[in-house]
Amino acid sequence: MPTPPAHPGLSPYTGWTRDHWEWSADQLLLSVRPYASRRHGLIHLPGARPSWSGPRSDGLEGYARTWLLAALRIAGAHGDDPHGHLGRYAEGLASGTEHPLPTGELDGDRDSWPRMAEVRQAVVESASVALGLRLTRPWLWDGLDDGVRQRVVDWLLPALGPSPVDNNWWFFGLTVAGFLQDAGIETDRASATIERALEHVDQWYLGDGWYSDGPHRSFDHYNGWALHFYPVLHAHLGDDRELLDRYGPRLHRHLEALSRMFGADGAPLPYGRSLTYRFAAAAAPWLGALTGHTPLTPGATRRLASGALRYFMDRAPGRGATDGRGLLTPGWHGPYPPLVQGYSGPASPYWAAKGFLGLLLPAGHPVWTAVEEPLPVETRDAAVALGPPNCLLQSTASDGLVRLHNHGTDGDPGPAEDPHYTRFAYSTRTGPLPAGVRDNHFGLVRADGTVTARGPADPLGTGPDWAASAARPVPADGGAVADEGWKGVRIVSATLAHGRAEVRAHLVTGAPAGTRVRQSGWAVTRPDERAGPDRALTAQLHPVHGYEGHARAVAAGSTLFGPRSRVAVLDGRTGSGPALFVALASLTGERHPAPLCDLVGEVRIEGHTVRVTWADGATAALTLDEGAVGVPAPDGPSLTSGRTCGPSAR
């Protein structure tokens with residue numbers, strides 16, 4: 001099918017309309033058909049490796065996640081099904097539940113689904129199965145024979161038990177319960193499951209529209225495509241006004257921040273886990289429009305969502321997320337193994353189906369008929385603090401770049417560092433380096449030349465243009481810092497942002513005199529033959545205080561934006577007491593960016609206080625000490641002046 005024509009009058013930013021959304025859904029669904037099992041119960045997509053749940057579980061994932069996409073497409077068309085999706089998925093529902101197996105491996109029946117009791121990933125997929133059934137109930141469920149319906153219920157019921165994982169997994173049971181409740185099946189158990197799940201989400205709600213994904217400081221896109229998505233959509237589908245009044249305003253508040261986390265090119269910020277779900281990040285804005293709980297106008301909603309879909313579905317060289325067969329690949333702009341978690345299989349990317357939630361809005365809804373409006377990043381430069389995550393968003397209108405300065409999100413801290421949570425900064429046009437040199441990092445240099453990992457972040461607060469945190473560095477190899485005399489070391493870190501400029505400050509306490517430290521900047525992928533002119537980026541890093549010499553550029557490895565990158569680094573050493581290190585940094589898409597020092601009038605260091613006068617006359621100041629970061633009094637004695645500008649590594 002040819003791509004629908006662009007509509008620049010209605011969609012001046014993306015050119016895309018509802019026709020493009022329906023076309024994209026159809027293309028994705030038709031492309032997976034050749035990989036279905038004989039009776040359509042499993043969809044086995046090609047891939048380099050299975051998930052840790054095994055290939056049968058991955059086949060169920062292929063069925064469940066594409067079924068959710070088909071359900072949104074059909075429900076949005078009021079049951080119209082020109083490509084015959086319903087019949088195929090109904091047959092798969094019957095064959096998959098006929099003889100469920102206690103394994104994720106491909107032994108025995110080639111269509112049977114794994115049982116939840118033995119393969120817990122099946123709990124995850126049960127939510128997509130049930131949500132699809134809830135959305136299409138008049139056209140599929142109500143037409144099944146009683147035997148098939150009973151088998152499906154028997155397979156779904158274990159999802160009503162306690163979640164085996166204490167995070168967003170609680171909402172898979174809620175979603176199954178919502179379908180069963182609507183269908184009048186096991187309603188008491190379903191109600192108890194819903195109540196239990198909502199109790200958990202309330203424990204994790206920290207205000208300003210942000211949930212932690214479980215008991216750890218996990219703040220990422222799961223807020224939008226899971227923690228808001230499931231309870232608010234459940235309340236909407238059940239017309240439960242009480243629940244909507246409780247959870248809808250939280251979604252509204254979250255969208256105020258989320259709308260600032262997309263670049264002008266449509267890219268969501270690549271931070272946190274499960275990034276291979278890609279344009280599922282558009283689910284929450286659609287949900288806001290669907291329920292009326294949104295700060296976004298209809299034109300801004302569609303501009304954000306269509307921008308995200310087009311960013312990944314555009315087949316421009318080096319940009320498209322689908323391969324030559326039309327399949328979504330595990331990665332970002334195509335396959336990228338370092339981004340993919342162990343629980344992900346070849347079909348995992350199809351949870352991007354959540355991003356098609358807008359198809360539930362009728363074609364005449366203002367979200368489809370209003371003229372597109374610009375994103376926040378396109379209107380003016382901004383620095384916006386995110387309270388509960390303890391992060392700072394920095395965006396610039398000249399290049400459409402969004403940057404997130406991370407001073408409070410570290411996922412589930414464990415022995416292995418996760419580069420998608422532990423970097424000090426992320427942007428919509430750079431990706432973290434998965435190994436070797438760490439980008440946007442500050443750490444101690446060990447005797448063998450390796451640099452310590454950041455360690456769990458201790459949030460120290462945010463302000464209008466700053467965010468701060470503290471951490472105790474840990475060896476990346478899992479060794480003990482005590483082995484090198486660093487047991488009591490603590491690093492207090494802060495970021496100040498203005499326009500495209502950043503001040504990065506770190507106070508090291510408890511380290512022996514002469515301890516080496518290293519600061520790194522943004523990892524910029526080198527342009528290659530696939531890259532258009534919009535890919536040109538410049539990263540700058542300049543020493544202000546505490547570092548030795550100027551920044552040097554280091555060749556590094558791949559990021560999710562390309563195979564080759566470079567990172568600027570600064571080196572220094574601690575003195576006999578607390579040691580303060582201050583640098584200027586910048587990431588920009590401007591064609592001929594000015595030197596960093598042209599962005600700053602003066603940087604003064606007063607003990608552990610950093611005072612900045614920006615080139616436009618605006619001022620900012622922060623004081624770092626061992627236990628806190630705060631805004632100092634307006635004046636103080638100048639002990640060191642720091643506007644010494646020489647070469648700045650790019």
Side-chain angles (χ1 to χ4, degrees), residues 29 32-47 50-71 84-134 136-137 139-164 169 172-173 175-177 179-180 183-186 189-190 193 343 345-348 350-351:
L29 288 167
V32 303
R33 283 191 172 184
Y35 305 96
S37 57
R38 183 174 59 87
R39 296 171 61 202
H40 311 304
L42 303 173
I43 296 179
H44 296 290
L45 298 183
S51 73
W52 61 32
S53 298
R56 182 176 298 278
S57 176
D58 294 346
L60 167 62
E61 190 170 71
Y63 173 94
R65 299 188 181 197
T66 60
W67 160 235
L68 177 58
L69 176 57
H85 298 307
L86 282 175
R88 295 175 66 91
Y89 283 98
E91 184 179 5
L93 198 68
S95 64
T97 57
E98 192 169 20
H99 301 293
L101 297 173
T103 177
E105 300 304 315
L106 281 178
D107 53 349
D109 191 314
R110 291 284 172 171
D111 281 274
S112 291
W113 293 352
R115 297 196 304 237
M116 295 182 210
E118 293 86 8
V119 182
R120 69 182 192 180
Q121 182 64 28
V123 176
V124 181
E125 307 318 318
S126 71
S128 293
V129 172
L131 181 54
L133 291 174
R134 192 175 189 182
T136 62
R137 186 179 157 205
W139 309 291
L140 192 148
W141 181 259
D142 290 349
L144 293 176
D145 69 52
D146 290 343
V148 173
R149 283 196 289 196
Q150 187 58 55
R151 293 205 308 268
V152 173
V153 169
D154 291 342
W155 186 82
L156 288 172
L157 281 176
L160 302 188
S163 171
W169 278 45
F172 305 142
T175 304
V176 171
F179 163 65
L180 295 176
I185 301 167
E186 295 279 359
R189 284 185 64 187
T193 298
Y343 54 74
S348 291
Y350 285 84
W351 235 4

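- Leu42 approaches Leu60 most closely through the heavy-atom pair CD2-N, 3.4 Å.
- A side-chain donor-acceptor contact under 3.5 Å links Ser112 to the backbone of His99.
- Ring geometry, Trp155 versus Trp113: the interplanar angle exceeds 60°, so the pair is classed perpendicular (tilted spans 30 to 60°).
- With a 4.5 Å cut-off on side-chain heavy atoms, Thr66 and Tyr35 do not count as touching.
- The minimum heavy-atom distance between Pro114 and Ala122, with the atom names listed, is O-CB, 3.9 Å.
- Side chain to side chain, Gln150 and Asp146 fail the donor-acceptor criterion of an N or O pair below 3.5 Å.
- Taking Thr97 as the reference, nothing meets the side-chain hydrogen bond (donor to acceptor under 3.5 Å, both in side chains) condition, with sequence neighbours excluded.
- Checking Arg65, Arg56, Arg120 one by one against Glu125, the salt bridge (Lys or Arg N to Asp or Glu O under 4.0 Å) holds for a single residue, Arg65.
- Separation of atoms CZ (Arg151) and OG (Ser95) is listed at 8.5 Å; rounding is to 0.5 Å.
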Walk me through whether His44 and Asp58 qualify under side chain to side chain contact (heavy atoms under 4.5 Å, CB included).
CA-CA 7 Å; His44 296 290; Asp58 294 346; 5.8 Å; no
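- A heavy-atom distance below 4.5 Å is found between the side chains of Arg189 and Leu157.
- With values rounded to the nearest 0.5 angstrom, Leu68 atom CG is found 13.5 Å from Tyr350 atom OH.
- Interatomic distance, Arg38 CZ to His40 NE2, rounded to the nearest 0.5 Å: 9.5 Å.
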Start with the C-alpha gap between Thr136 and Trp141, add the side-chain angles, then the distance that decides, and say whether side chain to side chain contact (heavy atoms under 4.5 Å, CB included) holds.
CA-CA 7 Å; Thr136 62; Trp141 181 259; over 6 Å; no
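- When every heavy atom of Ser37 is checked against every heavy atom of Asp111, the shortest pair comes out as OG-OD1, 2.5 Å.
- Between Phe172 and Ser163, the closest side-chain pair of non-hydrogen atoms is not below 4.5 Å.
- Between the CD atom in Glu186 and the CG atom in Leu156 there is a gap of 11.5 Å [rounded to 0.5 Å].
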Could you walk me through whether Arg149 and Val152 pass the side chain to side chain contact (heavy atoms under 4.5 Å, CB included) check?
CA-CA 5 Å; Arg149 283 196 289 196; Val152 173; 5.7 Å; no
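- Partners of Tyr89 under the ring-ring contact (aromatic ring centres under 6.0 Å, His included) rule, at least two apart in sequence or in another chain, are Tyr63, Trp67.
- In this structure, the side chains of Thr193 and Leu180 stay at 4.5 Å or more apart for every pair of heavy atoms.
- Of all heavy-atom pairs spanning Val176 and Ala159, the tightest one is CG2-CB, 3.8 Å.
- Here the shortest heavy-atom pairing between Ser51 and Gly345 reads CB-N, 3.7 Å.
- Heavy-atom minimum distance, Gly104 versus Val119: N-CG2, 3.5 Å.
- Residues meeting the ring-ring contact (aromatic ring centres under 6.0 Å, His included) test with Trp139, sequence neighbours left out: none.
- In this model, a donor atom of one side chain and an acceptor atom of the other lie less than 3.5 Å apart for Ser348 and Glu61.
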